[in-house]
Amino acid sequence: MALNREVRQGRYGEVFFQAIITAAGMSAQKFHDDDYMMDFLVGHPGPLGRLNNPMIGVQVKCSRKSRATPSAISHNLKSKYYNELAKPASEWSLPTFLVLVRVPDDADAWMHTTHDRLALHRAAYWTCLHGQPQRRDLHEDSPVTVSVPRENLLTKDALLQMFAMADQLRVQGRGVPTQ
């Protein structure tokens, strides 16, 4: 029996994210429950910015229903996730980012395999919600529309930008304290 579509889509998003992390030479540890409000702990081996072996948290969402404009991808995120990710970075042990993986509506179009290549379809984008206004007026399953800039395409260089942003949050006292 095949996985139901939602589980399959979520796992595909995580594998898509892990493929990018691995190709970038970084590591990702998967959390298997929702207790931490993050899916992965991502590590950069060696020095980067002000830290040696820095880490960030990532919440991965995979969507076939997101809406795209030339400048942004809009996605409905459950308010329980939004409110956690929107807390100031100083309330997290690690700066934590949202990664949105977009997939075609037809699951058979998610990937294409040949003897020379494995192509995963479509793309992943990232954003940082730390410090955004809380939506405590909503039920935890109510949707909050999040806009992710299309310029934030998840690539190796974008991962380095995420680590740089996390470093700035630390320096500004809005993330993990530095000594």
Side-chain angles (χ1 to χ4, degrees), residues 10-63 66 71-73 75 77 80-103 110-111 116-134 144 146-179:
R11 289 186 182 172
Y12 178 85
E14 291 174 353
V15 168
F16 194 108
F17 173 73
Q18 287 177 304
I20 295 169
I21 293 294
T22 302
M26 297 182 193
S27 64
Q29 177 184 352
K30 170 77 173 119
F31 289 99
H32 293 285
D33 54 40
D34 232 6
D35 294 343
Y36 296 98
M37 287 293 179
M38 73 173 84
D39 292 316
F40 291 95
L41 180 64
V42 179
H44 179 280
L48 184 66
R50 293 170 177 78
L51 296 176
N52 195 34
N53 302 315
M55 294 184 189
I56 59 172
V58 173
Q59 175 67 241
V60 176
K61 295 297 178 190
C62 187
S63 176
S66 58
S71 61
I73 308 294
H75 175 71
L77 189 63
K80 72 178 182 179
Y81 293 105
Y82 172 84
N83 284 329
E84 286 298 317
L85 293 170
K87 286 181 178 178
S90 60
E91 294 183 25
W92 284 79
S93 61
L94 294 170
T96 302
F97 297 84
L98 173 66
V99 168
L100 176 61
V101 178
R102 294 188 70 222
V103 295
W110 290 356
M111 66 177 225
D116 298 324
R117 142 186 1 208
L118 168 64
L120 303 178
H121 300 279
R122 289 204 189 160
Y125 302 87
W126 67 277
T127 193
C128 180
L129 298 175
H130 289 310
Q132 295 298 308
Q134 294 286 302
V144 175
V146 175
S147 182
V148 181
R150 283 187 79 124
E151 66 186 23
N152 287 5
L153 182 66
L154 189 62
T155 64
K156 176 182 177 180
D157 290 339
L159 287 166
L160 295 174
Q161 288 177 319
M162 292 165 71
F163 277 92
M165 182 180 283
D167 194 38
Q168 286 303 311
L169 289 169
R170 289 180 186 98
V171 169
Q172 296 167 5
R174 297 188 317 195
V176 178
T178 58
Q179 299 194 18

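When reading the values below, keep in mind they use all heavy atoms of this one structure, side chains included, and skip hydrogens, waters and symmetry mates.
Looking at Gln59 and Tyr81, their side chains come closer than 4.5 Å, going by heavy atoms from C-beta outward. Looking at Phe163 and Ile56, their side chains come closer than 4.5 Å, going by heavy atoms from C-beta outward. Looking at Met37 and Asn83, their side chains never come closer than 4.5 Å, going by heavy atoms from C-beta outward.
Heavy-atom contacts from other residues, nucleotides or ligands closer than 6.0 Å to CZ of Arg11 number 12 or fewer. Around atom NZ of Lys156, no more than 12 heavy atoms belonging to other residues, nucleotides or ligands sit under 6.0 Å away.
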CA sep, side-chain torsions, deciding dist, call: Thr96, Val58, side chain to side chain contact (heavy atoms under 4.5 Å, CB included): CA-CA 5 Å; Thr96 302; Val58 173; 5.9 Å; no
Working for ring-ring contact (aromatic ring centres under 6.0 Å, His included), residues Phe31 and Phe40: CA-CA 6 Å; Phe31 289 99; Phe40 291 95; 8.4 Å; no
Residues Met38, Val60; criterion side chain to side chain contact (heavy atoms under 4.5 Å, CB included); working and verdict: CA-CA 8 Å; Met38 73 173 84; Val60 176; over 6 Å; no
Worked verdict on Phe17 versus Leu154 for side chain to side chain contact (heavy atoms under 4.5 Å, CB included): CA-CA 9 Å; Phe17 173 73; Leu154 189 62; 3.7 Å; yes
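In plain terms, the two heavy atoms of Ala123 and Leu153 that are nearest each other are CB-CD1, 3.7 Å. Between Tyr125 and Pro149, the shortest heavy-atom distance links the atoms CD2-O, 4.0 Å. Between Gly49 and Asp167 the shortest heavy-atom distance is CA-OD2, 3.8 Å. Nearest heavy atom pair, residue Met162 against residue Phe97, reads O-CZ, 3.3 Å.
To the nearest 0.5 angstrom, Leu77 atom CG is 6.5 Å from Lys61 atom NZ.
In summary, the side chains of Ser63 and Arg102 do not present any donor paired with an acceptor at a separation below 3.5 Å, with no hydrogens or angles considered.
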